[in-house]
Amino acid sequence: MTAPLVGVLALQGDVREHRRALEAAGATVRSVRTADELDGLDGIVLPGGESTTIGRLLDVFGLLSPLRDALGAGLPAYGCCAGMVLLADEVVGGPPGQVLLGGLDVTVRRNAFGSQVHSFEAPLAVAGLDSDLHAVFIRAPWVERAGPGVHVLAEVRGHPVAVRQGDLLATSFHPELTGDVRLHALFVQVVRASIAAEATRGRAS
Ligand code: GLN
């Protein structure tokens, strides 16, 4: 089976760590800074950073509409931390009019864990993984409202911190910092399944 081609949005954040985790999970990886670089992708990862800054950079780099269109057309995506914020349909705790990509039927609260627990690490049970994942939270968001099509994969203090809606995956925490590539492998599986479904549709039409 050929490796799926997965992009990593490379405007800000720990692009290298996501690239490494995706490669370890069996993907071919392309850093994405321009609309052209979206062409031919089977999936995309939106790394953490500062969601307001990434939103502005998406606009400056001419990626906002093309990436929205690609997501709207069904491009599988994994949003990590700030990436989760960007994928959300709605955000609270951000500046008015914060630019989002949207697509994920959730309301996300930015910096939800508050200043006392700016950053923390904890073992976390994630649905579909056979043992706890060591989760690193850095000024992390949580999900405040999840629509009916959203599956909660993990929670902290009663709030979802990992969710999946169809081919969209999002986590509040940073698995790319731990050397544990199971979440990236889960995303690569989502991408492979989407390629297979596309091929079946192609044959049927
Ligand atoms: N607090 C950041 C934001 O809302 C996210 C932090 C992160 O990605 N580690 O954009």
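For ligands, and for the atoms within them, numbers begin at 1 and follow the listed sequence.
- Of the inter-residue distances, the one linking T53 atom OG1 with L11 atom CG reads 10.5 Å to the nearest 0.5 angstrom.
- The shortest contact between atom 1 (N) of ligand 1 and any protein heavy atom is with N111 OD1, 2.6 Å.
- Between R201 and E198, at least one side-chain N (NZ, or NE/NH1/NH2) sits under 4.0 Å from a carboxylate O, which counts as a salt bridge.
- Scanning all protein heavy atoms for the shortest distance to atom 7 (C) of ligand 1 gives C81 SG, 2.8 Å.
- Residue G49 holds the heavy atom nearest to atom 2 (C) of ligand 1 of all those in G49, G48, P141.
- Expressed to the nearest 0.5 Å, how far NE2 of H18 lies from CZ of F187 amounts to 11.0 Å.
- Of all atoms in ligand 1, numbered sequentially from 1 with element shown, those under 4.0 Å from a heavy atom of S51 are 3 (C), 4 (O), 10 (O).
- Residues satisfying the salt bridge (charged side-chain N to carboxylate O under 4.0 Å, His left out) criterion with D36, sequence neighbours excluded, are absent altogether.
- Checked by distance only, ligand 1 and I138 come closer than 3.5 Å through their nitrogen or oxygen atoms.
- On a distance-only criterion, H174 and ligand 1 share at least one N/O pair closer than 3.5 Å.
- Distance from atom 4 (O) of ligand 1 to its nearest protein heavy atom, with residue and atom name: R110 NE, 2.6 Å.
- At a 4.0 Å heavy-atom cut-off, ligand 1 touches R139 through backbone and side chain alike.
- When each of V150, V190, T171 is checked for a side chain to side chain contact (heavy atoms under 4.5 Å, CB included) with R164, only V190 meets the rule.
- Interatomic distance, OH of Y78 versus CG of L168, reported as 13.0 Å (0.5 Å rounding).
- In summary, of the residues considered (V45, L58, V15, L101), a side chain to side chain contact (heavy atoms under 4.5 Å, CB included) with L9 occurs for L58 alone.
- Polar contact with ligand 1: present for A82 (N/O pair, distance under 3.5 Å).
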